[in-house]
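Here's the structure we're looking at; comments come further down.
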Protein chains: 2
Amino acid sequence: MARLGDCIAMMDEGIGRVSQVIPDMPAAEARLTRLLLMVGHTFDEAVEQALRPNKINHSDFLTLMILYSRPDGSSTPGELCEYTSQGATNMTRIANALVKRGLITRGASEEDRRRVVIRITPSGRRFVQKLLPPLFPRVSAAFAGFSDADKRHFSRLLRKLADNLDHLDESPSPVKKQP
Amino acid sequence: MARLGDCIAMMDEGIGRVSQVIPDMPAAEARLTRLLLMVGHTFDEAVEQALRPNKINHSDFLTLMILYSRPDGSSTPGELCEYTSQGATNMTRIANALVKRGLITRGASEEDRRRVVIRITPSGRRFVQKLLPPLFPRVSAAFAGFSDADKRHFSRLLRKLADNLDHLDESPSPVKKQP
DNA sequence: CTAATTTAATTCACTGGTGAAATATGAGTT
DNA sequence: AACTCATATTTCACCAGTGAATTAAATTAG
């Protein structure tokens, strides 16, 4: 597989050429978008690869981590869908897989019988505690050479992007409401 | 679907709680990793959504864009795999789809008859030229509020991350080779 | 020159994820 | 209470992407 640096160099040149043919393209923003997508995708792959020895995939792991991080260790499919950005369909599959491995339990809710309550098991907690520490060195290595200021800036810029994305579809011309 | 800002808030709290149980976790880096993955994923979705009216998906579009950006408008499946981070299997499917729509042609290479030469067609070029401009406002909007310095910093940090990722698996302890 | 190895692309079987429809419960209205 | 309407989850059919095996051509070794 090509190194990411080579892909980026190639993308830089490509956008340079395209922006000569189509001059009103926002080339700087297009570069940043491609850059973000490429780095994000590679990060994703790296996580998937790090999890593979544990025979768990990223979305199953993320779901389990959310349960682990909850004070009461429980949630519902609907809520997990929201926070994992997964569709309900896929959450059913994820829950099936985690139940089969004994990492979570699935039970009916008392208050609202449409709801299903998902809860991490002791075995699930042990699994997380065993799985996490080996990931730490790679997580740290990914940000090697980042100063504290770099980390703050990066965090700020990503959060700003998130905010922009949240408002992308509302008010294409955000004229202030007339009072 | 939950707003990204809510997912981020929830992630922040979750990592806070987990890092109390597992104190040697690199919490700042874990936060940045999750942030990057979440924003990257949402960007991906936004692109996919913007492309949907044109009945083309992200990887098919990316492949076509690479061809479009080439001076000679041609490449090979192997090369496209490298630069799109797609497997060869999937590139076969992508090429099939684009050929069927008449956006590219597929022919045998003269020099190396194992190779297949893929070339964008005039119709493919028109398709790209028609498709791109409507994307520009959203691309710009995603980076609303980014100063030029912000963009430079963001670019620098992403490229640094890319470089780190390229070296993640080589030399976990980068001791200089003994001469 | 022939045999063994490597490289490029494809095919096949499978995993992961999505949209639309089905099922079941809860909530609001008259 | 009976009738909508909305919500939560699951099922079904399909699209997208991957690893292993296959085919064919080029390269290297003997």
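Naming convention: chains lettered A, B, ... in sequence-line order (proteins, then strands); numbering from 1 in each chain. The structure presented is a predicted model; accordingly, all values stated were derived computationally and were not measured.
- Criterion: ILVMFWY side-chain heavy atoms under 4.5 Å apart, direct or through other members. Under it, L62(A) and V139(A) are not part of a common hydrophobic cluster.
- Considering only side-chain atoms of P77(B), the nucleotide from dT10(D), dG19(C), dT10(C) that sits closest is dT10(C).
- Here the closest non-hydrogen pair linking A50(B) and L135(B) is CB-CD2, 3.6 Å.
- For R31(B) (side chain) and D12(B) (main-chain N/O), a donor-acceptor pair under 3.5 Å exists by modelled atom type.
- Heavy-atom nearest nucleotides on DNA chain C were determined for D112(A) and for R93(A), and the one closer to the 5' end corresponds to R93(A).
- At least one side-chain nitrogen or oxygen of Q86(A) sits closer than 4.0 Å to the OP1 or OP2 atom of dT18(C).
- With rounding to whole Å, I94(B) atom CD1 is found 12 Å from dT10(C) atom P.
- If you measure from atom CG of L62(A) to atom C1' of dG16(C), you get 15 Å, rounded to the nearest angstrom.
- When rounded to the nearest whole Å, the span between CG of N90(A) and C1' of dA20(C) equals 16 Å.
- Checking side-chain atoms of N164(B) against main-chain N and O of A144(A) turns up a donor-acceptor pair under 3.5 Å.
- N96(A) has its CG atom 14 Å from the C1' atom of dG17(C), to the nearest Å.
- Classification of the F146(A)-F154(A) ring pair by plane angle, with boundaries at 30° and 60°, yields perpendicular.
- Between R114(A) and D112(A) the shortest heavy-atom distance is NH2-OD2, 2.8 Å.
- When each of dG16(C), dA9(C), dC12(C) is scored by its nearest atom to the side-chain atoms of V116(B), the top-ranked nucleotide is dA9(C).
- Side-chain contact of R159(A) with S155(A): a donor-acceptor pair under 3.5 Å is present, judged by distance alone.
- Phosphate proximity of dA16(D) to N57(B): present, with a side-chain N or O under 4.0 Å from OP1 or OP2.
- The NZ-P distance, from K55(A) to dG16(C), rounds to 12 Å in whole Å.
- Across dG17(D), dT9(D), dT18(C), the shortest atom-to-atom separation from the side chain of T89(A) is found for dT18(C).
- Atom C1' of nucleotide dT15(C) and atom CZ of R52(A) are separated by 12 Å, given to the nearest angstrom.
- Take the nearest nucleotide of DNA chain D for R106(A) and for H41(A): the residue whose nucleotide is more 5' is R106(A).
- One interatomic measurement links the two molecules: CZ of F61(A) to P of dG17(C), which rounds to 15 Å at whole-angstrom precision.
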Short N/O separations, protein against nucleotides 5-7 of chain D, under 3.5 angstrom:
unit_1, atom_1, unit_2, atom_2, d
dT7(D), O4', R114(A), NH1, 3.3
dT7(D), O2, R114(A), NH1, 3.0

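- Note: CZ (R113(B)) to P (dA8(C)) measures 16 Å, nearest angstrom.
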